[in-house]
Amino acid sequence: MLSNIRIVLVQTYHPGNIGASARAMKTMGLTDLVLVNPRDFPHPEASRLAAGAEDLVDAARVVDSLQEAVSDCVQVIGASARLRSMPLPHFDEPAEMAESLVTHAAGDPVALVFGRERFGLTNDEIRCCSHQVSIPANPDYGVLNLSQAVQVLAYETFRAWRQRPDSGFQAARPAQDRQPTREQLGHFHDHLSRLMQTSGFITQPHARTEEQLQALFARAQPSRKELSLLRGLLSSLEPDAEG
């Protein structure tokens with residue numbers, strides 16, 4: 001689905017903005033970048049500011065017109081800070097735009113179009129779009145850099161995609177954050193129980209105390225690494241560890 005979502009940059013003036021936009025795309029799983037008549041491309045500054053997304057910059061397609069960039073798309077959404085009188089459907093909230101975009105992208109190519117740094121998209125270019133979207137911002141200073149605008153809308157698109165039941169998205173988790181198995185927890189509680197008895201903390205089996213401690217660690221939800229640390233602490237406190 002994400003491969004069907006295209007980012008189109010129209011007549012980008014600064015090549016660094018192309019690289020920064022590619023970086024914004026890659027962090028959100030988007031890979032299809034099309035450039036309409038960029039002022040200066042290819043350019044080392046585009047690759048430098050891509051910072052790890054050079055592959056998107058190298059694979060970017062350069063075309064002569066917006067019509068050519070979006071001719072195969074079923075939905076084309078133009079990002080614009082200025083509201084126009086054209087009777088195009090307008091998304092006031094990027095989240096609503098993203099929901100619609102990923103729904104259409106399930107079966108066909110779609111595009112998010114961004115205009116020039118200075119004045120955005122022309123009226124003729126807006127006419128190539130099926131929808132418009134604006135990014136809500138401070139009314140006294142609602143100015144976003146091109147790559148910032150790409151990042152905001154790319155994030156909303158990625159969020160809408162990963163929340164779909166069929167996305168299969170799983171957030172990466174560090175290995176040390178993995179939860180312990182029930183067996184590992186059982187060994188820990190057995191170890192703790194033995195130490196409480198040998199240390200004299202309890203002189204006979206005391207189910208209530210052990211239940212309370214089990215509830216405490218259940219609420220704490222220690223990771224495997226943290227549980228291993230606790231086991232090491234218990235071992236260091238055992239009588240045979242002294243001396």
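Start at 1 with the first residue, then count along the sequence. As a basis for the values below, the full set of heavy atoms in this structure was taken, side chains included, without hydrogen atoms, waters or symmetry mates.
- Ile77 and Val74 fall within a single hydrophobic cluster, where Ile, Leu, Val, Met, Phe, Trp and Tyr side chains are chained together by heavy-atom contacts under 4.5 Å.
- Using a 4.5 Å heavy-atom threshold, the side chains of Arg127 and Gln67 count as separate.
- Between the Asn4 side chain and the Ala105 main chain, a donor and an acceptor come within less than 3.5 Å of each other.
- There is a path of hydrophobic side-chain contacts, each under 4.5 Å, that joins Leu234 to Ile202.
- The hydrophobic cluster containing Leu237 also contains Leu213, counting ILVMFWY residues as joined when their side-chain heavy atoms lie under 4.5 angstrom apart, directly or transitively.
- Between Asp32 and Val34, the shortest heavy-atom contact is OD1-CG2, 4.0 Å.
- For His104, the ring-ring contact (aromatic ring centres under 6.0 Å, His included) test picks out no residue, with sequence neighbours left out.
- With sequence neighbours left out, the ring-ring contact (aromatic ring centres under 6.0 Å, His included) criterion links Phe41 to no other residue.
- Using the six-membered ring where Trp is involved, His131 and Phe91 have ring planes that are parallel, under 30° apart on the 30 and 60° scheme.
- Atom-to-atom distance recorded for Gln214:CD and Ser193:OG is 9.0 Å, nearest 0.5 angstrom.
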For residues 96-103, tabulate all N or O donor-acceptor pairs below 3.5 Å that involve a side-chain atom, not counting sequence neighbours.
| from | atom 1 | to | atom 2 | distance (Å) |
| --- | --- | --- | --- | --- |
| Ser100 | OG | Gln75 | NE2 | 2.9 |
| Thr103 | OG1 | Glu99 | O | 2.8 |

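- By the side-chain contact (heavy atoms from CB on, under 4.5 Å) test, Asp140 is found to be paired with Asn138, residues two or more places apart in sequence or in another chain being considered.
- Not counting sequence neighbours, Glu54 has no partner by the side-chain hydrogen bond (donor to acceptor under 3.5 Å, both in side chains) test.
- Tyr141 and Val152 sit in two unconnected hydrophobic clusters of ILVMFWY residues. Membership requires side-chain heavy atoms under 4.5 Å apart, directly or through other members.
- Put simply, the side chain of Ser21 gets close to the backbone of Asn17: a donor and an acceptor are under 3.5 Å apart.
- With Tyr13 as the aromatic partner, Arg39 meets the cation-pi criteria of under 6.0 angstrom to the ring centre and within 45 degrees of the ring axis.
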Where do Val110 and Val76 land on the side-chain contact (heavy atoms from CB on, under 4.5 Å) test, with the steps shown first?
CA-CA 6 Å; Val110 297; Val76 179; over 6 Å; no
Under the side-chain contact (heavy atoms from CB on, under 4.5 Å) rule, what do His189 and Glu210 come out as? Steps first, then yes or no, please.
CA-CA 8 Å; His189 287 298; Glu210 295 188 19; over 6 Å; no
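- Listed by chain and number, the residues in a side-chain hydrogen bond (donor to acceptor under 3.5 Å, both in side chains) with Ser147 are Asn145 (sequence neighbours excluded).
- No more than 12 heavy atoms of other residues, nucleotides or ligands shown are found within 6.0 angstrom of OH on Tyr155.
- Proximity of a side-chain donor or acceptor of Gln197 to a complementary backbone N or O of Arg194 within less than 3.5 Å is not detected.
- Side chains of Glu238 and His191: a donor-acceptor N/O pair is present below 3.5 angstrom, by distance only.
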